[in-house]
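Take a look at the structure set out below.
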Amino acid sequence: MKKTIVVQRNDPNADDASNERKLAELKELAHAADYVVVGVLVQSRYPDRKYQIGRGKVDELAELVEALDAEKVIFNNQLSTTQIYNISETCKCEVMDRFQLILEIFAARATTRRAKLQVELAKLHYELPKARSIVSLLKKEERPGFMGLGGYEDSYEQDIKKRIVRIRAELLHSCKGSESLRSFRHERGFSLVALAGYTNAGKSTLFQSLVKEGTIVEDMLFTTLSPTTRSLTINKRRMLLTDTVGFIEDLPYWMVDAFRSTLDEIFLADIILLVVDMSDPVDVIRQKLAVSHDIFWKRTEGAVIVTALNKTDLLPEEDLQEKLDVISYLAPHPVMISAISDKGTDELKQLLYENLPKWEHSRISIPMSEEGMSTVSWLYDEGIVHTIEYGDSILMEIEARDEIIQKVKPFVISS
Amino acid sequence: MFPIIAVDISGRHRINKEYYMVCAAVAVDVSASHIESISQIAIKPFLTTSAPDITDVVSIIETTVAGINYPGTIVVEHGDLYNQPEWLSKRMFSREFKYQESLSERLAIEFAHHVSLSSRNLLMKELSID
């Protein structure tokens, strides 16, 4: 594990609690990327053009790097190429910002082709505005021609642009594939439920507890990068539960864009299961819920939101109720759970069942024939058969979605 | 359910050297994700010769909300108060105030926006101003 020092520059009039929260998140991100945080440096000032933090503070940072034998410095603020170059020259070690760190985590965790393409796209978007200065800094010694300033820079930028276009086209193609898969799943009678929420809220633990299956669960940010889907049956209704990538504060727009196809799993679901970490301070929960609402706004297609208030085992009952009272205006259909100890999961399943798209009840009478028997078999596949009686004809009480009921309408006795 | 008063102002741009603004306040009861019921709507026109500053916006909102007979927290978009921090905006109002957060609050503001915009369009048509 590499030793690292985290640095944060706060705006002089910024909120203290929010600064602390951002720093804590950066530390967790560093942990998720396998770094050990050996030092923290914070400065309150307006950004410096050359170093982001003050010149004196950079010298202090260089001393700290040497004293603690740190191999990397991670800034919570976005750095320009020149700032990275200047700081690394002073500190004599590798320097990166929060976004490069997130990309590093994404790159390490990406397993599917789509996830890898998304990570590459995000990386290219990050590099594009810096392309010219990266090349001019790298090739300082060998510029083509007398006082030449072109050559390399232009071609590198063009290469990045071309690659972005190619990846976008490929991602669009793979998105179409998953959209048709979604409509196919709907047609097969599956309702779609997507887990959403902040990183480390316990989505994967809840996923595992609901489907009783082993996915990687760690106390780390971004353990789930590609969506995992498993089937789940509640009161005979089949649904597909999808575990998705977690939200994170201040995610730049180009990163959200790159991960859109992953987030689409959430937006196109019938039910969004929003997981909230109740062990966080109440202001943090409120802030995280507000960001989640911001992400859902105008993007979900009529999905019902169910809020799973997780990690309730870590708090006494009075604290939970107090927190719930404060956040209730941001928590649709709340249910207290503890995914790790299975507490409240039955109640959660019941709530999911109640909020599934409505299916219709119907009593039908099908003639006793070979064709009738195949209809019975088809109805068993597509819906729920509550009762069945074999006589001169087959009397059935069924529950199914509207399209199925329409197909057997000629046989309906009562609905 | 939570009683809120969502407010939106339309027309904060200059036409013929004047600012023809319409403010709409809608009193609604909301849950976390939906508008559950609508209690009252108040609409007021405002005409100024200079661009509205922050105190003008506060006064416009307060005047319009005074026409609502139901209790509720005033909910406004960040941009309407020039992205001023919430703690500062709260002190400028005589009633409970907050910026939009939940889906239902956003929905209520969208509703207020449609009311203010269509009322202003009607007003401009009546005044024969393009």
Side-chain angles (χ1 to χ4, degrees), chain A residues 10-19 194 196-197 247 249 266-267 269-276 282-309 323-336 351 354-355, chain B residues 1-8 25-39 54 70-93 95-115 117:
Chain A
N10 299 329
D11 280 325
N13 51 3
D15 178 33
D16 282 346
S18 138
N19 290 336
F247 304 150
E249 234 178 291
I266 301 173
F267 304 146
D270 297 309
I271 299 178
I272 296 171
L273 185 49
L274 180 59
V275 187
V276 179
V282 72
D283 280 349
V284 176
I285 302 176
R286 208 184 115 181
Q287 171 74 18
K288 286 181 174 178
L289 277 170
V291 174
S292 307
H293 279 250
D294 189 27
I295 293 171
F296 296 151
W297 175 241
K298 291 280 173 192
R299 292 196 177 109
T300 58
E301 305 197 350
V304 177
I305 301 168
V306 171
T307 318
L309 308 168
K323 281 185 175 178
L324 180 61
D325 289 345
V326 177
I327 59 159
S328 57
Y329 75 101
L330 283 165
H333 304 104
V335 56
M336 299 262 198
L351 200 59
E354 283 164 17
N355 285 289
Chain B
M1 279 208 284
F2 311 93
I4 62 165
I5 302 169
V7 183
D8 183 76
V26 296
V28 289
D29 282 323
V30 295
S31 61
S33 52
H34 292 92
I35 294 177
E36 302 294 337
S37 68
I38 301 159
S39 311
I54 192 94
Y70 290 85
T73 308
I74 297 173
V75 182
V76 173
E77 254 181 330
H78 273 83
D80 273 358
L81 285 164
Y82 302 102
N83 291 314
Q84 199 174 243
E86 192 174 74
W87 63 269
L88 188 58
S89 303
K90 267 185 179 181
R91 292 181 188 181
M92 301 176 84
F93 285 89
R95 303 171 69 136
E96 281 275 309
F97 170 90
K98 75 188 282 289
Y99 286 128
Q100 58 172 10
E101 285 178 286
S102 67
L103 288 170
S104 55
E105 287 165 1
R106 286 161 200 271
L107 206 58
I109 285 182
E110 195 180 34
F111 175 29
H113 171 71
H114 284 297
V115 174
L117 184 68

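So you know, we letter chains A, B, ... as the sequences are listed, proteins then strands, and number each from 1. Keep in mind it's a predicted model, so treat the numbers as computed, not measured.
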_Can you confirm whether more than 12 heavy atoms, excluding those of Y70(B), are under 6.0 Å from its OH atom?_
no
*Counting only heavy atoms not in E86(B), do more than 12 sit closer than 6.0 Å to its CD atom?*
yes
*Below 4.5 Å, heavy atoms only, C-beta onward: do S328(A) and F2(B) meet side chain to side chain?*
yes
*Do E110(B) and W297(A) touch side chain to side chain, with heavy atoms closer than 4.5 Å?*
yes
_With rounding to the nearest 0.5 angstrom, report the OH to OG distance, Y329(A) to S31(B)._
14.0 Å
*Which heavy-atom pair separates P332(A) from A32(B) by the least distance, and what is that distance?*
N-CB, 3.4 Å
*Report the C-alpha distance between H293(A) and E105(B) in whole Å, list the side-chain angles of each, state the deciding distance to 0.1 Å, and finish with yes or no for side-chain contact (heavy atoms from CB on, under 4.5 Å).*
CA-CA 10 Å; H293(A) 279 250; E105(B) 287 165 1; over 6 Å; no
*Report yes if the side chains of D294(A) and R106(B) come closer than 4.5 Å at any heavy-atom pair, otherwise no.*
yes
_Side chain, backbone, both or neither of Q100(B) within contact of chain A (heavy atoms, under 4.5 Å)_ = neither
_L103(B) and L330(A), any side-chain heavy atoms less than 4.5 Å apart_ = no
